[in-house]
Amino acid sequence: MSKITKLDLVNSIYKNTSYEKQEIQNIVDSFLQEVKNSLQNGSSIELRGFGTFETRLRKGKACARNPKTGETLSVEPHCVAAFRSGAELKKNLWNLEKSDVKSKD
């Protein structure tokens, strides 16, 4: 499984369209900024057939542990960004070759 960067995404779009790379870079940057702004304002972004970007409230913990130092600390409840895949994307991923997917373990 490989990692695709923003530059890889821009280059891929460039190969498949007649737009200039700088235009594509501006569009990608604008899209990502709009996603950030919407999430920061508490809105979700729904892209039909792809998925939904949303914010979720993560519960705080009274006795969390810093894995690097072992120090015990308290973590306040906070918001995190989350992505929920849409039905079409789920269906397409269902048939993905298992050897192509990186395991959590």
Participant: For Glu76, enumerate each residue passing the side chain to side chain donor-acceptor pair (under 3.5 Å) test, keeping only those at least two apart in sequence or located in another chain.
Facilitator: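 Glu76 satisfies side chain to side chain donor-acceptor pair (under 3.5 Å) with no residue once adjacent residues are dropped.
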Participant: Under 3.5 Å, which donor-acceptor pairs link side chains of residues 82-91 to any protein atom two or more places apart or in another chain?
Facilitator:
from  : atom 1 : to    : atom 2 : distance (Å)
Arg84 : NE     : Glu54 : OE2    : 3.3
Arg84 : NH2    : Glu54 : OE1    : 3.0

Participant: Which residues, ordered by chain and number, are linked to Val80 in its hydrophobic cluster, where ILVMFWY side chains connect at heavy-atom gaps below 4.5 Å, directly or through other members?
Facilitator: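 Same cluster as Val80: nobody, lone residue.
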Participant: Please confirm whether the backbone N or O of Asp8 pairs with a side-chain atom of Ser12, one donor and one acceptor, at under 3.5 Å?
Facilitator: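 Flag not set: sc Ser12 to bb Asp8 has no pair under 3.5 Å.
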Participant: Passes side-chain hydrogen bond (donor to acceptor under 3.5 Å, both in side chains), Asp29 versus Gln25? Steps please.
Facilitator: CA-CA 6 Å; Asp29 287 340; Gln25 180 73 45; 3.2 Å; yes
Participant: In the structure I gave you, are the side-chain heavy atoms of Tyr19 and Ile13 within less than 4.5 Å of one another anywhere?
Facilitator: no
Participant: Are Glu23 and Lys21 ion-paired here, with the side-chain N under 4.0 Å from a carboxylate O?
Facilitator: no
Participant: As an exercise, state the distance from SG of Cys79 to CZ of Arg58, rounded to the nearest 0.5 Å.
Facilitator: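 It is 10.5 Å, given to the nearest 0.5 Å.
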Participant: To the nearest 0.5 Å, tell me how far Thr52 OG1 sits from Glu46 CD.
Facilitator: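 So the OG1 of Thr52 and the CD of Glu46 are separated by 4.5 Å.
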Participant: Which atoms form the tightest heavy-atom contact between Cys63 and Thr72, and what is the distance?
Facilitator: CA-CG2, 4.3 Å
Participant: Has Asn66 got a side-chain atom pairing as donor or acceptor with Lys68's backbone, closer than 3.5 angstrom?
Facilitator: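 Yes: the side chain of Asn66 pairs with the backbone of Lys68.
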Participant: Can you sort out the partners of Glu34 under side chain to side chain donor-acceptor pair (under 3.5 Å), two or more places apart, ordered by chain and number?
Facilitator: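 Counting only residues at least two positions away or on another chain, Glu34 forms no side chain to side chain donor-acceptor pair (under 3.5 Å).
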Participant: Would you say Leu47 ends up clustered with Leu93 if hydrophobic residues are merged whenever their side chains have heavy atoms under 4.5 Å apart, either directly or through other cluster members?
Facilitator: yes
Participant: Using 0.5 Å steps for rounding, measure from the CG atom of Asn11 to the CG atom of Asn16.
Facilitator: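 If we round to the nearest 0.5 Å, Asn11:CG and Asn16:CG are 11.0 Å apart.
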Participant: Test side chain to side chain contact (heavy atoms under 4.5 Å, CB included) on Val28 and Lys6 and set out the steps.
Facilitator: CA-CA 8 Å; Val28 170; Lys6 185 166 56 168; 3.8 Å; yes
Participant: Quick one: do Leu7 and Leu9 end up in the same hydrophobic cluster if we chain Ile, Leu, Val, Met, Phe, Trp and Tyr together by side-chain heavy atoms under 4.5 Å apart?
Facilitator: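 Not linked; separate clusters.
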Participant: Which residues pass the side chain to side chain donor-acceptor pair (under 3.5 Å) test with Asn92, sequence neighbours left out?
Facilitator: none
Participant: Under 4.5 Å between side-chain heavy atoms, hopping through other hydrophobics if needed: is there a path connecting Val10 to Ile27?
Facilitator: no
Participant: Could you list the residues that satisfy side chain to side chain donor-acceptor pair (under 3.5 Å) with Glu20, not counting sequence neighbours?
Facilitator: none
